[in-house]
Amino acid sequence: MTAASITVSETPLVLYVLRRADDALVLGHRLSEWCGHAPMMEEDMAMANMGLDLLGQARELYGYAAKVEGKDNDEDKLAYLRDVRQYRNLLLLEQPNGDFARTMTRQFFYAAFSDLYWRAMMASRDTTLAAIAAKSEKESAYHLRHSSEWMVRLGDGTEESHRRAQLAVDDLWAFTGEMFAVDDSERGLIDAGIAIDPESLRTQWLATVARVIDEATLKLPANDWMQKGGRIGQHTEHLGHLLSELQSMQRTFPGATW
Amino acid sequence: MATPNSPLWEVFIRSRNGLAHKHVGSLHAADATLALQAARDIYTRRGEGLSIWVVPSSAITASDPSEKGMMFEPAESKIYRHPTFYDVPEEVGHM
Amino acid sequence: MYTQALNSSDGEDRFVEDATRAAAFQARIDADERIEPNDWMPAAYRKTLTRQISQHAHSEIVGMLPEGNWITRAPSLRRKAALLAKVQDECGHGLYLYAAAETLGSSREELVDAMLSGKSRYSSIFNYPTLTWADIGAIGWLVDGAAIMNQIPLCRCSYGPYARAMIRVCKEESFHQRQGFEIMLTLARGTEEQKAMAQNALDRWWWPVLMMFGPPDQASQHSDTSTKWKIKRFSNDELRQKFVDATVPQAEFLGLTIPDPGMTQDSEGHWRYSEIDWTEFKQVLAGNGPCNRDRLAARRKAHEEGAWVREAAAAYAAKRESRRTAQAAE
């Protein structure tokens with residue numbers, strides 16, 4: 001016996017909120033995978049803190065998505081009972097942890113974006129999203145600070161750390177474009193002042209990224225081909241494995257309360 | 001399996017405005033920036049702080065406990081430094 | 001806690017015994033004074049404490065693994081956040097304890113290396129596997145419950161830095177046992193399958209948890225001196241009995257059966273448990289528990305694979321320092 005996936009009525013606002021909820025959950029989950037295995041115990045503490053921030057964001061966003069949808073879904077059904085094609089997160093965030101350089105690079109690329117994103121979203125006409133943004137902005141600002149400090153240390157540390165950091169930057173770069181993409185369903189929300197246009201954040205994002213990468217003595221790749229698909233449920237191979245673990249209990253024991 | 005020792009830092013936290021920073025513990029970090037972030041992650045997970053200081057442990061000079069007598073006992077006999085040394089009649093009120 | 005640097009002036013002296021000083025030291029302990037890092041202390045006191053505090057720290061760190069095994073599979077977002085926070089707390093407690101141990105003169109690196117090489121132990125309980133979600137409930141309820149019994153008296157231990165670390169740990173751990181009990185309660189009130197899961201977890205964890213308190217009093221080798229030095233305030237058997245007495249009614253509330261059919265209540269209300277299988281305990285301590293090898297392998301892997309990160313941080317710090325001195329020289 002396994003629990004079947006739910007259906008979600010993805011109105012533009014539900015879809016918009018789910019996308020951000022999935023971002024937070026998937027990245028939070030990835031960070032939680034480190035717990036007990038970090039390169040130093042101090043960093044176990046740091047990654048768990050960031051993971052907890054993201055899990056908190058995910059819960060608020062799922063709760064809001066469920067409320068807007070107005071059916072009988074809740075945060076756990078949305079998280080645990082949608083399959084890989086129903087997940088809407090950025091491809092960047094589902095990429096495996098790899099080594100510490102890869103984890104920090106993923107965090108850095110995303111935090112440099114989410115810091116700007118949540119700050120801008122504080123002006124959303126949707127008061128719930130504006131409130132979530134106000135809390136998330138402070139968390140993202142710290143994630144950016146922490147990951148930037150590590151980018152610099154790894155890039156400008158030893159030959160080995162430089163090599164690993166550069167490889168991570170090269171491999172993950174193609175997943176950064178998706179953060180700025182907008183589709184028709186989001187365009188309407190942007191016009192209504194509920195969402196912000198991520199394109200407006202691109203220059204500042206690039207400036208932050210370039211400054212840190214430069215200080216880290218690393219180089220941004222010249223290749224500007226960008227992968228996309230996460231927002232419409234076309235993922236990399238990694239997400240299915242993540243979900244099979246994340247959802248195993250809810251799928252195995254349908255309807256149980258934990 | 002010898003690992004090089006990373007520097008030790010002492011952590012001081014101001015829990016509320018108006019209070020002094022208080023020693024809460026120590027941690028290891030390669031430099032001051034990482035030490036400050038680690039202090040935040042290790043010692044303020046439950047909203048314990050508004051301000052953090054980190055100080056290299058090696059920068060602290062401590063008094064020697066075996067010199068406790070010379071250092072601190074002379075102060076003990078100076079009872080006239082304490083208000084209770086002086087008699088003021090009760091009817092004078094609080095002073 | 002304090003600084004390791006403060007102790008270095010003692011040099012090799014710290015191992016030299018001195019009868020007069022030893023008597024004065026014991027008098028301070030008897031007067032309930034706290035011993036601080038810079039104070040003179042008998043070498044054996046230092047050694048006992050270093051062993052005990054570092055083993056305690058290792059236990060917190062290794063203890064992250066069995067519970068960490070379920071963070072990615074926690075069955076709800078609320079449980080997932082609580083478990084991640086709890087396992088993270090254990091890491092924090094490990095760090096407080098290493099810092100307390102370091103005040104006795106050994107570096108954290110030395111202490112960690114002793115654990116990784118198998119020279120220094122951690123609590124035998126973490127060599128058992130977490131097979132189902134109910135094990136997360138059982139660990140919180142029973143393992144943390146037992147740990148708290150052990151730790152509360154340590155808040156008054158004669159060594160200042162250890163006592164202070166324990167006060168912080170106990171304060172933070174108060175949510176751990178409640179979290180575990182709540183998981184068990186939810187299972188006990190759930191489906192038949194969930195109830196069976198909870199009972200099975202209790203069956204597997206009960207005896208190993210009783211062993212956590214250590215060998216019976218007549219067989220314990222460290223108890224006498226530890227009591228004299230006020231490191232230990234209650235004997236293993238006293239604490240074990242206290243734990244059993246507290247836990248029996250809780251199990252009853254959950255509707256679960258403690259896997260000890262021979263257990264009876266005596267005239268004073270104490271629950272008398274059956275003979276503990278100390279052979280199993282000795283085997284687990286000797287490295288033959290179900291997970292000893294896995295636990296050490298996981299910690300070694302994290303340590304070895306993290307080496308390049310620690311080296312990078314150190315290299316960067318050195319570079320920045322030399323740039324700063326170069327600038328200052330200009």
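Every chain is numbered from 1 and lettered A, B, ... according to where its sequence line falls, protein lines coming before strand lines. Computed from a prediction, not measured in an experiment: that's the story for all the values here.
Among all heavy-atom pairs drawn from M41(A) and I61(C), the shortest one is SD-CD1, 3.4 Å. What you find for L95(C) and M45(A) is that their closest heavy atoms are CD1-CG, 3.8 Å.
Of residues 135-143 of chain A, not one residue has a non-hydrogen atom less than 4.5 Å from any non-hydrogen atom of chain C. Against chain A, the residues from residues 315-323 of chain C that qualify, each with a non-hydrogen atom under 4.5 angstrom away, are A315(C), Y316(C), K319(C), R320(C), R323(C) in number order. Contact residues of residues 69-77 of chain C toward chain A are W70(C), I71(C), T72(C), R73(C), A74(C), P75(C), S76(C), L77(C) (heavy-atom distance under 4.5 Å).
With respect to E75(A) and K80(C), no salt bridge is recorded, no charged nitrogen being found less than 4.0 Å from a carboxylate O.
Of the two parts of S248(A), only the side chain, counted from C-beta on, holds a non-hydrogen atom closer than 4.5 Å to a non-hydrogen atom of chain C. The part of W150(A) that comes within reach of chain C is its side chain, from C-beta onward, which places non-hydrogen atoms under 4.5 angstrom from that chain. With a threshold of 4.5 angstrom between heavy atoms, F100(A) approaches chain C through its backbone and through its side chain. Contact annotation for V112(C): only side-chain heavy atoms (C-beta onward) come within less than 4.5 Å of a heavy atom of chain A. With a 4.5 Å cut-off on non-hydrogen atoms, L52(A) touches chain C through its backbone and its side chain both. For M197(C), the part lying under 4.5 angstrom from a heavy atom of chain A is the side chain only. Using a 4.5 Å cut-off between heavy atoms, L25(A) contacts chain C through its side chain alone, with no backbone atom that close. Proximity to chain C (any heavy atom under 4.5 Å) is shown, for A58(A), by neither the backbone nor the side chain. Both the backbone and the side chain of E33(A) come within less than 4.5 Å of a heavy atom of chain C. Interface residue A79(A): only side-chain heavy atoms are found under 4.5 Å from chain C.
In this structure, the separation between CE on M47(A) and CD on Q88(C) is 11.0 Å, given to the nearest 0.5 Å. To the nearest 0.5 Å, atoms CG (L31(A)) and CG (L84(C)) are separated by 9.0 Å. Here CZ of R78(C) is found 14.5 Å from CH2 of W258(A). Values are rounded to the nearest 0.5 Å.
Residues in residues 138-147 of chain C take part in these salt bridge (charged side-chain N to carboxylate O under 4.0 Å, His left out) pairs, two or more places apart or across chains: K86(C)-D144(C).
Ranked by non-hydrogen atom pairs under 4.5 Å with chain C, the options T158(A), D156(A), L246(A) are led by D156(A). Taking chain C as the reference chain and counting heavy-atom pairs below 4.5 Å, the highest number among G51(A), G56(A), A101(A), G255(A) is found for A101(A). Heavy-atom pairs under 4.5 Å with chain C were tallied for L242(A), N49(A), L154(A), D99(A); the largest tally goes to N49(A). By number of non-hydrogen pairs under 4.5 angstrom with chain C, the leading residue of E160(A), R59(A), M249(A), Q250(A) is R59(A). Most heavy-atom pairs under 4.5 Å with chain A: of the set A85(C), A307(C), G68(C), G63(C), this distinction falls to A85(C).
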- [ ] Would you please test E159(A) and W308(C) for side chain to side chain contact (heavy atoms under 4.5 Å, CB included) and show each step?
- [x] CA-CA 10 Å; E159(A) 247 173 69; W308(C) 69 269; over 6 Å; no
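The backbone N or O of G36(A) sits less than 3.5 Å from a side-chain atom of R299(C), completing a donor-acceptor pair. In this structure, R310(C) contributes its side chain and P39(A) its backbone to a donor-acceptor pair below 3.5 Å.
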